[in-house]
Amino acid sequence: MWELIRTNKRNSIVLMAVMAGVLLALGLVIGWAVFGPEGGLPGVGIAALVWMVLTLVSLASGDQILLAASRAQPVTHDVHPQLFNVVEEMKIAAGLPAMPKVYIINDPAPNAFATGRSPQSASLAVTAGLLGRLNRDELQGVVAHEMSHILHRDILYVTLAGVMLGGVVLLSQVFLRGLLHGSLGSHRRYSPQRRGGGQAQLVIALIAILAAVLAPLMAQLLYFALSRRREYLADAGAARLTRYPEGLARALEKIAGDATPPLAAANDATAPMYIVNPLRKRGGRSVSGWTSTHPPIAERIRILRNMSQGVSYRDYAQAFAAVTHARSPLPAAALTEEEVPIRSVPAPAVGQETAGRQVHEIGDIMRKVNGFHFLTCACSLKIKIPPDFNAGTIRCPRCSRTLSLPSGQDRPPAGG
Amino acid sequence: MPTTIALIVIVALFFLIVLAVIGIYNALVRLRNQVDNGWSQIDVQLKRRHDLIPNLVETARGYMKHERETFETITKARSAAMGARTVTEAAQAEGQLADALSKFMLVVENYPDLKANQNFLALQEELTSTENKIAFARQNYNDQVLSYNNKIQMFPSNVVAGMFAFTKRDFFEVQTAAEREVPKVSFA
């Protein structure tokens, strides 16, 4: 356990150093290309400054930036009691010092992520689509997976990397656009005095373009390769926390078989933090090579289903070896653990839910997040009242009873 | 001259031992605090379970006229659990209460009106969650107790534990009827 955390902390530092290196090299090349050889040093200086600002900003409020970029809204217990309860259950199982803040993303695509600086100040976000589709055990599996990210200190790394990667991508995009539109360095290219230096200038410009294209790619490759391993680790942690790998396996199965369009608010920089890749292409086979942010879902499900002996990290490593025939992604120290038995869970008594019902429920969750108030009439009609409805009473459209609305203070607060 | 060297060695050794004892003592205290914290987590959830029951019984009573016995079992088990003093006693009483509640939840399936009641559904979710929280808090507490007891029994920390009277802690083992019996298959 502690070995896992230490490995993660070390990786975070290595990644930050690599990011710094990439950013400084980029600054050097860009400075050189735009202002000639004397521009190299200021370029590095500016890049160092950018790196420092990025690091400080991502440390201070990286989680807030990522949550805002994903359009996640903070919610209270009343909006979705089951989600809150499940998060608290997993908080207790993980022995976490504080309850993570809970967010809902108003999107029908099923997905979830965790972010934050430390287990003391973590945030957990799930989409309305996920809540509508999963039953209690499955939701518990997903929340446990996210809780493992918090427990393993993945969240700090992902937050830092997400914000910094965003920074690198932004910087090189600004540069590329500037070069393409000829606003940078153009006065040099057409200045008659420096005709002799034109050749060298062109070569350097080409190198600069190459660097600007490659730098974000390189940064991303490293980020992805590391984040795939983290997904396996979090799956192993989820199985151990819930003592029930089947819950997460079924959840992943449902998410994989889902036909809604991909998550609207996800992009290249934030994709690796989700439980399943939010950008995967419909229909076609997903990329499962070096550039893939997530391990193939089918493989993750097979590994979880293979854990028939117990739910310790050693059991996960054995299942992993049986399914992939590859080296286990778990650190050796985690494998000396004692046996942890699987919890026996009674099969859910509820029958199959219809797709129409699910869509209905997802819509209700989204309305609730947006501050709608729900009132059940005596004729069992559920009336949805928008947050800006100010009259004191409402007439039931089915049985035309007059219902009084609770006063403004009693209503659940609208999400930010 | 040799006596001074011997003296220095002895003093250095003494300091090393004192440092080691301090380190082990602090580790033991940290583990014991984690055990205590784990226990208080269980305690919080058990209290919450006791608080939920009257509400649940009150809501369900109107719909379930013929289940007087079920309600009585729950109420009795609740007061027994609230009066328990030792860990073993509490574990036994809470196990009985958990049994009574899971039986109650099965009986509820026969009352569709009750299952349509929004208020009851909310209470049912709270009860399910509380049962889960108790199970997970127990899981966490037992993990903590295991590492604490291991530390107390293993050399050299057992010497320090003996010096400062660190005593072994009990596991919180709840054996409910469901865990004792082979599950029966019913075709309802």
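Model, not experiment: these values are computed from the prediction. Throughout, protein chains are lettered first and strands after them, A, B, ... in sequence-line order, and every chain is numbered starting at 1.
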Report task. Could you tell me whether the side chains of N85(A) and E126(B) share a donor-acceptor contact shorter than 3.5 Å? Result -> yes

Report summary line: Checked L241(A), I92(A), T242(A), V86(A) vs chain B; the most non-hydrogen pairs under 4.5 Å come from I92(A)

Query raised in the report: Ion pair present between R133(A) and E138(A), side-chain N to carboxylate O less than 4.0 angstrom?
Result: no

Query raised in the report: Taking the inter-plane angle between the rings of F104(B) and F71(B) on a 0 to 90° scale, is it parallel (under 30°), tilted (30 to 60°) or perpendicular (over 60°)?
Result: tilted

**Report entry** Segment of Q45(B) engaging chain A (4.5 angstrom heavy-atom cut-off)
**Finding:** side chain

**Report entry** E125(B) portion near chain A, given a 4.5 angstrom heavy-atom threshold
**Finding:** both

Report summary line: Of the listed A122(B), G38(B), S129(B), the one with the largest count of heavy-atom pairs under 4.5 Å with chain A is S129(B)

Report summary line: The single option from F171(B), W39(B), Y148(B) that satisfies ring-ring contact (aromatic ring centres under 6.0 Å, His included) with Y141(B) is W39(B)

